[in-house]
Amino acid sequence: MVTGGLKITTGIIAAVLVTAAVAQARSVLAPLAAALFIIAIVWPVQERLQSWLPKLLALAITVVVTTTVCIAFASLAAWGFGRVGRSLIADAARYQAFYDAVVIWLDGHGISFAGLWAEHFNVGWLLRVTQYVTGRVNTTLSFWLIALVYVVLGLLEVEDARRRIQRLKNRTAADVLLKGSKATAAKFRKYMLVRTQMSAVTGLLVGLFAAVTGLPFAFEWGVIAFVLNYIPFIGPFIATLFPTLLAMTQFGSWPAVFGVFACLNVIQFVVGSYIEPRVAGSTLSISPFLVLFAIFFWSSLWGLFGTFIGVPITLAILTFCAESPSAAWIADLFGGTHEERPETS
């Protein structure tokens, strides 16, 4: 009993220390995680190309295509938010009138919102936010530059790494690494395929809904919903919140505003909770509790990127657990059933 309690205590302490180390090493580990995720997705393209092209030329084509796709997604989000943002600035008078009406209503109900706003949201706060955003942009550029270097080096070493693992004397460890890596890469590719399909469906439905209801920037809202849907939970929430804020000044009726909010959430719920699990099937089945925990856990460690990468990291952990006889129970508990995973030798 004492020994068991000591093991549990030691495990908890080790987990806390590892978590702290992962958080502190964010600038190194986060780009590495992004690179491994990208390598797992694009490796079949690299492998196919280098079968009939020189390896370095195949690598150049793969990297250029991957970079172009990433820039295209970022440009879509920037374009959509830019279009909406410029309109909001141009229509500042209407929002000022709406703000004044809300303040008067709150003051009439004993809530001094104007004083709270003046105390916390002043010019100094605005300058700090601007500096923070500027710093984040610079950090993001550095992040993706480091990740790109990892991707280039990683794609060059995939085959060598496979051969080194195959030569390991510990055959159990070699089998877990080889089978786990292959299965994880396949799940990553399916995850992105399903996420892209569901993002397209979500963007189409949101755009059509905005167009039917007369909400401005219907196409832009569809694009924003498409891009943000790649970030589980938080992305759909943002894609729902901003059109609702616009509806406050567009319709001037609280029932209409709540109707927009409710319908957008219904779209997100139906696609994310009903259609997507059926398209993904048992291959990507994870406990919803674990998905939500992974999103908030990794976002607390690595920020916005952690929100995106949290689910893939969880997929990888469960996949490797499924290939390890001693940890298979974790995959059975939080992932698919034992019969759904491949048998380990």
Side-chain angles (χ1 to χ4, degrees), residues 4-5 7-23 29-30 32-34 36-37 40-41 172-173 175-198 229-237 268-269 271-345:
K7 288 182 178 180
I8 294 175
T9 304
T10 304
I12 293 175
I13 294 174
V16 172
L17 292 176
V18 169
T19 300
V22 169
L29 295 181
L32 178 61
L36 292 175
F37 181 70
I41 293 173
T172 301
D175 288 341
V176 170
L177 288 174
L178 289 173
K179 293 180 181 179
S181 299
K182 184 177 181 180
T184 298
K187 288 187 177 184
F188 281 175
R189 292 191 286 272
K190 183 167 185 178
Y191 172 79
M192 288 303 295
L193 176 62
V194 171
R195 182 61 64 178
T196 300
Q197 292 172 338
M198 295 303 100
N229 198 63
Y230 283 91
I231 304 176
F233 287 101
I234 296 178
F237 173 75
Q268 298 285 359
F269 177 79
V271 175
S273 300
Y274 182 79
I275 300 178
E276 183 171 343
R278 283 155 179 77
V279 174
S282 60
T283 304
L284 301 181
S285 60
I286 308 178
S287 164
F289 171 83
L290 187 60
V291 170
L292 188 61
F293 172 78
I295 291 170
F296 286 108
F297 176 77
W298 286 103
S299 64
S300 67
L301 295 182
W302 290 352
L304 182 60
F305 174 71
T307 306
F308 169 78
I309 203 66
V311 174
I313 289 178
T314 305
L315 268 176
I317 293 173
L318 290 180
T319 303
F320 277 97
C321 287
E323 298 296 340
S324 175
S326 61
W329 63 272
I330 299 177
D332 292 337
L333 182 62
F334 294 107
T337 62
H338 180 77
E339 290 76 16
E340 289 169 349
R341 13 181 215 98
E343 294 292 336
T344 57
S345 57

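Owing to the predicted nature of the structure, the values given are computational and were not obtained by experimental measurement.
L301 CG to T19 OG1: the interatomic distance, rounded to the nearest 0.5 Å, is 6.5 Å. Atom OG1 of T184 is separated from atom CD1 of I313 by 12.0 Å, given to the nearest 0.5 angstrom. Atom CD1 of I231 is separated from atom CZ of F237 by 13.5 Å, given to the nearest 0.5 angstrom. Atom CG in L318 sits 7.0 Å away from atom NZ in K187 (nearest 0.5 Å). T314 contributes atom OG1, which lies 5.0 Å from atom CG of L290 (distance to the nearest 0.5 angstrom). The distance from the OG atom of S300 to the CD1 atom of I295 is 12.0 Å, given to the nearest 0.5 Å.
N229 places a side-chain heavy atom less than 4.5 Å from the side chain of Q268. With a 4.5 Å cut-off on side-chain heavy atoms, D175 and E323 do not count as touching. In this structure the side chain of R195 reaches within 4.5 angstrom of the side chain of E276, judged on heavy atoms. Annotation: side chain of L193 is not in contact with side chain of R189 (no heavy-atom distance under 4.5 Å).
The closest donor-acceptor contact from the side chain of S324 to the backbone of C321 lies at 3.5 Å or more, if one exists at all. Within the 3.5 Å criterion, the main-chain N or O of V22 finds a donor-acceptor partner in the side chain of W302. Judged purely by atom type and a 3.5 angstrom limit, S299 uses its side chain to pair as donor or acceptor with the backbone of F296.
Of all heavy-atom pairs spanning F320 and S181, the tightest one is CZ-N, 3.5 Å.
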**OP:** Take V311 and Y191, measure what side-chain contact (heavy atoms from CB on, under 4.5 Å) needs, and give me the verdict at the end.
**Re:** CA-CA 9 Å; V311 174; Y191 172 79; 3.7 Å; yes
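The aromatic rings of F305 and F308 sit tilted relative to each other, their planes meeting at an angle between 30° and 60°.
A centroid separation of less than 6.0 Å is found between the aromatic rings of F37 and F188.
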